[in-house]
Protein chains: 2
Amino acid sequence: MTDKTEFVAVKPVRAYEAIVEQIEQAIATRQLNPGDRLPSERDLMGTFAVSRATVREALRVLESGGLVRSRPGDPRGPEILQASPATLHKAMNRLVRSGTIKLSELVEFRVMLEGASCTLAAEHRTPEQLEVMRTAVEAMESSIAGGSAAFSQADVEFHATVWEASHNQLMQICGDAARGALVDLVNDRIDSAPDSGAQMKLSLAHDYEIFNAIEAQDGARAGQLARTFVIEYYGDMIEHGDRNGLALLGVPSE
Amino acid sequence: MTDKTEFVAVKPVRAYEAIVEQIEQAIATRQLNPGDRLPSERDLMGTFAVSRATVREALRVLESGGLVRSRPGDPRGPEILQASPATLHKAMNRLVRSGTIKLSELVEFRVMLEGASCTLAAEHRTPEQLEVMRTAVEAMESSIAGGSAAFSQADVEFHATVWEASHNQLMQICGDAARGALVDLVNDRIDSAPDSGAQMKLSLAHDYEIFNAIEAQDGARAGQLARTFVIEYYGDMIEHGDRNGLALLGVPSE
DNA sequence: CCAAGTGTACTGGTCAGACCAGTTGTTTCG
DNA sequence: CGAAACAACTGGTCTGACCAGTACACTTGG
């Protein structure tokens with residue numbers, strides 16, 4: 001198999017990076033599982049044969065990646081954490097903010113996700129989840145006159161339940177990350193001009209229609225509605241040159 | 001605006017976190033831009049009034065997030081980096097491989113992504129990208145008799161180009177992560193039984209059809225084909241109870 | 001005068017040892 | 001037996017030091 005001795009570029013690996021690498025690997029291969037404990041920093045400096053400063057730098061990196069958590073005084077040592085979407089969320093946010101990812105890409109992404117999860121939710125929703133959705137939509141309706149805070153909270157609640165009902169964690173996580181990044185961006189843009197009355201009524205009507213499709217277990221319709229609505233909602237904010245892809249996603253097959 | 005004095009839960013913030021926060025904020029608000037330099041660690045310990053160890057922990061976190069880069073000996077200090085999708089990629093990968101996600105979810109996710117990116121690719125592909133795809137498909141064809149390694153490499157190349165041609169980095173990143181996790185999972189399962197001849201011929205036929213649709217700029221057909229093929233490919237590996245969602249995604253609207 | 005080599009003053013990477021505030025589990029005392 | 005005091009840890013931070021690099025100004029030989 002080794003046809004030729006291939007040399008490959010190297011870059012100096014610092015001690016703390018090697019430690020991060022090892023622990024990351026141990027977690028990836030399930031040698032360390034959520035809830036498990038790492039030895040204390042002072043023990044770790046023994047096993048890795050480095051100073052505590054180096055151990056700590058490694059631990060800080062792992063901690064910032066959401067892989068472990070250190071609490072002072074805990075004699076059981078740093079805890080291995082369950083993988084969480086938090087860092088994904090942050091990474092996506094940064095990327096969008098920095099302009100590396102265009103708004104149109106983010107909206108396309110969300111159109112796709114929202115459509116798919118509504119389709120799946122129509123199929124997989126439990127009766128309980130349906131009731132939670134109903135309650136949320138009703139809460140939107142009754143708070144439409146009140147503050148926009150309560151309204152958008154109910155709106156988020158509705159969509160969160162849809163994601164949950166899709167029974168697909170990946171979509172749930174990515175959808176949540178995309179939604180978060182999107183509202184952050186939009187809030188920056190329309191800055192202090194939250195949902196107007198008309199906007200709220202429109203959102204309510206949309207959610208209501210989607211709810212009906214999900215209740216009827218009509219996945220195709222639910223997905224189609226969701227795609228259309230997201231496009232309708234965000235379409236105006238996207239530069240004209242970037243809109244053609246969106247339109248295509250909205251009507252995937254005729 | 002302040003209707004009531006609302007108390008809110010707090011958690012102790014460590015010194016290095018406060019530093020990370022400040023620098024992150026400065027980058028987010030464009031006070032610091034890619035190519036700019038941070039003061040040296042020794043200067044930073046002055047401005048933040050902490051020890052160098054603390055400064056370094058903060059820098060390590062920022063570095064692991066891809067925001068800055070430190071090089072020893074560089075008298076200009078740590079460099080602010082252009083935001084890159086690398087950390088998002090890593091986060092996505094970790095999440096997908098954390099094992100909390102079922103195979104069926106992963107496949108659903110990929111069906112959705114593959115469909116959407118093929119649709120977008122049909123619209124957005126450049127002539128150059130089309131040629132790369134053509135070359136990749138031809139490479140698959142010619143290596144079908146040879147090793148399966150070369151074949152699957154060409155296959156990956158084809159799909160990677162499709163993602164690239166979608167001009168949506170988010171989908172590209174998520175698609176790549178999903179693909180990686182999926183082949184890992186499948187390799188674990190069928191372990192040492194790589195693509196058989198029949199399997200290869202099938203994949204080739206699929207990619208070829210997709211290629212034709214992309215060439216014809218028929219986004220709807222490209223997406224539909226991609227969805228169908230992914231389902232066809234992975235469908236058998238999924239437990240029967242989890243298949244109904246997939247089928248729905250395959251035919252989003254009639 | 002210029003190019004090539006030399007120095008030097010910085011940089012980050014790592015280490016050793018120390019102190020503090022906090023948690024935990026045990027022990028002691030009422 | 002319960003509650004308060006204790007001891008043995010934990011992580012968070014600081015000080016001060018050394019090394020191996022880099023960049024840039026400075027010599028020095030042509």
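Convention: sequence-line order gives letters A, B, ...; per-chain numbering from 1. Only a predicted model underlies this, so the values are computations on that prediction, with no experimental measurement involved.
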_Structure string for DNA chain C in dot-bracket form, Watson-Crick and G-U at under 3.5 Å, | interchain_ = ||||||||||||||||||||||||||||||
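Sequence order on DNA chain D of the closest nucleotides to B:Val13 and B:Pro75 puts B:Val13 first from the 5' end.
For A:Thr54, the side-chain atoms get nearest to C:dT14 when compared with the rest of C:dG12, C:dT24, C:dT14. Nearest nucleotide to the A:Arg60 side chain, out of C:dG13, C:dC15, D:dG12: D:dG12.
Side-chain N/O atoms of A:Ser51 include none lying less than 4.0 angstrom from OP1 or OP2 on C:dA16.
The nearest pair of heavy atoms linking B:Ser64 to A:Val61 is CB-CG1, 3.5 Å.
If you check every strand for non-hydrogen atoms under 4.0 Å, B:Arg37 touches nothing. The residue A:Arg69 sits apart from the nucleic acid: no heavy atom pair falls under 4.0 Å.
For the residue pair A:His124 / A:Gln129, no side-chain donor-acceptor distance below 3.5 Å is found, with atom types taken as modelled.
Between the P atom of D:dG12 and the CG atom of A:Leu44 lies a distance of 13 Å, rounded to the nearest Å.
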I'd like a table of atom pairs between the protein and nucleotides 17-19 of chain D - only N or O on both sides, under 3.5 Å - with the distance next to each one.
| residue | atom | partner | partner atom | Å |
| --- | --- | --- | --- | --- |
| D:dA17 | N6 | B:Arg52 | NH2 | 3.4 |

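Ion pairing between A:Glu17 and A:Lys11 fails under the 4.0 Å rule for side-chain N and carboxylate O.
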